[in-house]
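Note sheet for the following structure.
A, B, ... follow the sequence lines: proteins, then strands. Residue 1 opens every chain.
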Amino acid sequence: MSSNIVVRVEDLHKRYGNEEVLKGVSFTVRQSEALAIIGPSGTGKSTLLRCINRLTEPDRGRIFLEDTEITSPHTDINKIRQQIGFVFQDFNLFAHLTALDNVRLGLIKVKGLSKQEATERAMHELARVGLAEKAHAYPAQLSGGQQQRVSIARALAMAPKLMLFDEPTSALDPELIGEVLQVMQHLAEEGMTMVVVTHEMGFARSVCDEVIFMEKGVIVEQGPPEQVFLHPQQPRTQQFLGKISELYGGAG
Amino acid sequence: MSVILNWDTWRQLLQGTLVTVELTLSLLAVGLVLGVLVALGQVYGPRPVVMLASVYERFFRAMPILVLLVVVNYGLVFVANTYQWDWLRWPPFAVAVLVFGLHSSAYQSQIFRGAISAIKPGQLLAARALGMTRLQTMRYIVLPQALRLAIPGWSNEYSGVLKDTSFVFSIGVTELFRHGWQIMQNTREVFLIFITVALIYLVLTYLGTWLLELLERLWGVPGLAGQRREEHGRVI
């Protein structure tokens with residue numbers, strides 16, 4: 001097994017009723033790599049991400065986290081999920097818990113840390129996303145951007161080997177997107193292995209090491225950002241990026 | 001008038017009040033545990049469980065409480081006599097707690113079903129993504145929110161069953177209403193006695209709902225439950 005591959009996805013298929021959402025997707029993510037997955041809505045990007053920690057069960061194909069096959073029925077999926085941080089589009093903070101309790105709940109109940117240890121680690125993670133002073137605020141008292149940063153801290157606190165981001169800025173007001181992207185950029189620079197489904201082309205281009213363009217359940221094009229954004233090989237990629245840069249005035 | 005100034009009258013009424021309160025709290029506790037389980041089954045259970053829970057809930061909501069009390073009470077006695085099963089000879093108070101508890105659990109299940117359904121499913125995904133088991137997700141995410149959201153509906157159920165407990169006179173439990181009845185028969189002071197009994201029910205209702213409102217406020221969480229209306233300003 002090659003040493004520095006964190007995730008390997010092999011020939012992943014997923015069908016909802018008559019609609020085949022994933023039609024054989026394969027890729028690998030190396031240690032400290034930031035991979036962006038871009039593409040039109042409804043092309044299976046989020047489903048793909050959810051298959052990686054089996055929030056959605058794939059129909060066919062295999063996924064490995066380092067040497068462990070995630071998709072094996074003998075794998076304790078709760079053990080695997082502790083090692084994979086997941087950040088949702090609409091944050092999904094626990095509404096009855098403060099920011100601090102949101103971050104430390106998993107540490108105490110899943111990882112079995114003492115309350116004191118968990119508190120220290122949670123405060124450290126909140127400071128890392130710039131929200132130490134909001135530790136005792138409830139989700140409803142935080143802005144969308146702050147909620148998303150808390151949810152990133154919640155995922156980071158578990159010390160994951162891999163972070164999955166499912167359109168983390170799509171539910172945010174435009175002026176709040178920056179603070180979340182900045183946190184993610186720091187993470188990437190610190191060497192966190194991450195897979196980011198995003199419509200933020202600027203982020204994909206400047207922060208990520210690799211870009212996958214997906215449409216209709218298959219990978220259309222994959223490569224380093226310079227290649228995908230500046231010299232796309234596939235006509236469909238060119239068309240998609242063209243539309244995006246028309247819309248955002250050349251942000252792509 | 002002298003009957004109301006009589007210490008013995010009050011001793012009896014307070015004794016009855018105590019039984020009423022004990023019965024109400026016990027049946028609510030039984031109904032709470034069963035009601036939450038039925039609600040969880042209805043919302044998250046696999047198909048057969050959903051159906052079973054729904055049949056249970058419909059059945060007990062459809063049964064008149066008085067009929068249920070009499071049938072279960074005499075049914076237990078009948079079975080105990082027929083098979084010589086002495087362990088089925090329950091004191092009337094225990095029968096009352098069981099029957100009222102089952103009945104209330106059907107109503108409470110609908111209160112909790114509403115509360116559980118109001119929790120955004122994304123939170124459950126987030127809990128599972130942290131590596132929590134289903135049970136941990138129920139325990140740490142669903143229940144704490146559902147219980148808070150259920151307090152207003154539960155307060156309604158409290159004031160309902162409190163008054164229904166007077167039906168237990170039919171199986172020989174002597175509670176507030178029954179004590180009043182006995183005093184009335186000895187003294188013929190119908191209005192005086194029953195107005196006093198009514199006032200005691202009123203005080204119990206107010207006291208209970210006030211305590212629950214207090215709980216809702218103290219235990220409340222911004223954006224979830226327990227906020228005072230003033231925080232939103234006057235809307236209508």
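- Residue I77(A) does not touch chain B at all, counting heavy-atom pairs closer than 4.5 Å.
- Contacts of I80(A) with chain B are absent, with no heavy-atom separation under 4.5 Å from either backbone or side chain.
- Of all heavy-atom pairs spanning P222(B) and A140(A), the tightest one is O-CB, 3.6 Å.
- The CG atom of L130(B) sits 8.5 Å away from atom CG of L107(A), with the distance rounded to the nearest 0.5 Å.
- Ranked by non-hydrogen atom pairs under 4.5 Å with chain B, the options I84(A), V110(A), L105(A), L164(A) are led by V110(A).
- Within the 4.5 Å cutoff, the side chain of L224(B) has no heavy atoms near those of the F94(A) side chain.
- Annotation for L199(B): atom CG counts as buried by contact number, over 12 foreign heavy atoms lying within 6.0 Å.
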Do chain A and chain B have donor-acceptor pairs under 3.5 Å, and which are they?
{"from": "N92(A)", "atom 1": "ND2", "to": "G122(B)", "atom 2": "O", "distance (Å)": "3.2"}
{"from": "A95(A)", "atom 1": "N", "to": "Q123(B)", "atom 2": "OE1", "distance (Å)": "3.3"}
{"from": "H96(A)", "atom 1": "ND1", "to": "Q145(B)", "atom 2": "NE2", "distance (Å)": "3.0"}
{"from": "H96(A)", "atom 1": "NE2", "to": "Y140(B)", "atom 2": "O", "distance (Å)": "3.0"}
{"from": "K109(A)", "atom 1": "O", "to": "Q136(B)", "atom 2": "NE2", "distance (Å)": "3.0"}

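- For Q116(A), the CD atom counts as loosely surrounded, since its 6.0 Å shell holds 12 or fewer non-hydrogen atoms of other residues, nucleotides or ligands.
- Contact count against chain B (heavy-atom pairs under 4.5 Å) is highest for L93(A) among L93(A), V87(A), L97(A).
- Contacts between F88(A) and chain B at a heavy-atom distance below 4.5 Å involve the side chain alone, from C-beta outward.
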